[in-house]
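Notes follow once the structure below has been shown.
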Amino acid sequence: MIRGGAVYILTNKSHSTLYIGVTSDLKKRIWEHKNFIHPESFTAKYKLTILVYYEGFHRIEEAIGREKILKGGSRKQKEDLINSVNVEWKDLYPEVEAW
């Protein structure tokens, strides 16, 4: 069975920290971040609960590859990517939650 995936970027209210992750279930994973299911995690420590970017893939391996590319980029490259689709840096979770 081929399993799809997504890469995503979270930030906090001040946009001071970015987190890039990959998952096979974006809706569930972002819910987990927002509800601090893993209280000792990096995202919980820095209150990274705002989904500002996501990208879907047909195969999880593609999402993992994209995650590695994004993590290797500069902060400016990440900001430019977010700004290309979400200039206001609004929380995109409501549209994911509606799936």
Side-chain angles (χ1 to χ4, degrees):
M1 175 169 87
I2 296 174
R3 189 168 190 174
V7 64
Y8 60 92
I9 302 176
L10 296 174
T11 192
N12 52 11
K13 288 182 182 179
S14 64
H15 304 166
S16 61
T17 305
L18 298 176
Y19 172 82
I20 298 172
V22 67
T23 183
S24 62
D25 188 339
L26 185 61
K27 184 176 177 178
K28 177 183 175 191
R29 187 68 183 114
I30 301 306
W31 182 91
E32 291 173 348
H33 285 300
K34 287 182 168 292
N35 289 280
F36 305 107
I37 298 302
H38 306 286
E40 302 300 318
S41 69
F42 179 85
T43 56
K45 179 179 178 182
Y46 291 97
K47 295 180 176 46
L48 305 176
T49 61
I50 302 168
L51 176 65
V52 290
Y53 180 84
Y54 66 90
E55 191 175 341
F57 296 89
H58 292 289
R59 297 178 49 231
I60 190 69
E61 294 83 4
E62 295 170 312
I64 293 167
R66 180 66 168 151
E67 176 196 31
K68 289 177 182 179
I69 290 168
L70 293 178
K71 284 185 172 183
S74 68
R75 167 78 187 215
K76 175 150 180 12
Q77 289 172 315
K78 294 166 190 162
E79 289 174 351
D80 289 346
L81 178 63
I82 295 164
N83 287 328
S84 73
V85 295
N86 187 4
V87 71
E88 296 176 10
W89 287 45
K90 69 176 184 171
D91 191 354
L92 301 174
Y93 183 66
E95 71 183 51
V96 171
E97 189 177 34
W99 292 350

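Just so it is clear, the model here is predicted, and its values are computed rather than measured.
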How long is the span from the CD1 atom in Ile30 to the CG atom in Asp25, to the nearest 0.5 Å? 10.0 Å
Contacts of Lys76 meeting salt bridge (Lys or Arg N to Asp or Glu O under 4.0 Å) (sequence neighbours excluded), chain-then-number -> Asp80
Strictly by salt bridge (charged side-chain N to carboxylate O under 4.0 Å, His left out), give each pair with a member in residues 26-35 just once, sequence neighbours left out. Arg29-Glu32, Lys34-Asp91
Ser24 side chain vs Gly4 backbone, donor-acceptor pair below 3.5 Å: no
Apart from Trp89 itself, which Ile, Leu, Val, Met, Phe, Trp or Tyr residues share its cluster (side-chain heavy atoms under 4.5 Å, direct or through members)? Val7, Ile9, Leu18, Ile20, Ile50, Val52, Tyr53, Phe57, Leu70, Leu81, Ile82, Val85
Side chain Gln77, main chain Ser74, donor-acceptor under 3.5 Å: yes
Lys78, NZ: over 12 other non-hydrogen atoms inside 6.0 angstrom: yes
All salt bridge (Lys or Arg N to Asp or Glu O under 4.0 Å) counterparts of Glu62, not counting sequence neighbours: none
Suppose we call two aromatic rings close when their centres sit under 6.0 Å apart. Are Tyr8 and His33 close by that rule? yes
Given Leu10, which partner from the list Tyr19, Tyr93, Tyr54 fulfils the side chain to side chain contact (heavy atoms under 4.5 Å, CB included) test? Tyr19
Sorted by chain and residue number, the side-chain contact (heavy atoms from CB on, under 4.5 Å) partners of Ser41 (sequence neighbours excluded) come out as His38, Thr43, Ala44
Taking the basic N atoms (NZ, or NE/NH1/NH2) and the acidic carboxylate oxygens, is any pair closer than 4.0 Å for Arg59 and Glu61? yes
Using the salt bridge (Lys or Arg N to Asp or Glu O under 4.0 Å) criterion, which residues pair with Lys71? Sequence neighbours excluded. Glu67
Sequence neighbours excluded, which residues qualify as side-chain contact (heavy atoms from CB on, under 4.5 Å) partners of Lys45? none
Look up atom CH2 in Trp31 and atom CD in Glu97, then write down how far apart they are to the nearest 0.5 Å. 11.0 Å
What one should report as the nearest heavy-atom pair of Ala63 and Ala6 is CB-N, 3.8 Å
With the 4.5 Å side-chain cut-off for hydrophobic clustering, are Phe36 and Leu51 part of the same group? no
Which residues pass the side-chain hydrogen bond (donor to acceptor under 3.5 Å, both in side chains) test with Ser16, sequence neighbours left out? Asn12, Ser14
Just jot down the ring-ring contact (aromatic ring centres under 6.0 Å, His included) partners of Tyr46, sequence neighbours excluded, or say none. Phe42
Pair listing, salt bridge (charged side-chain N to carboxylate O under 4.0 Å, His left out) test, anchored in residues 49-58, at least two apart: Glu55-Arg66
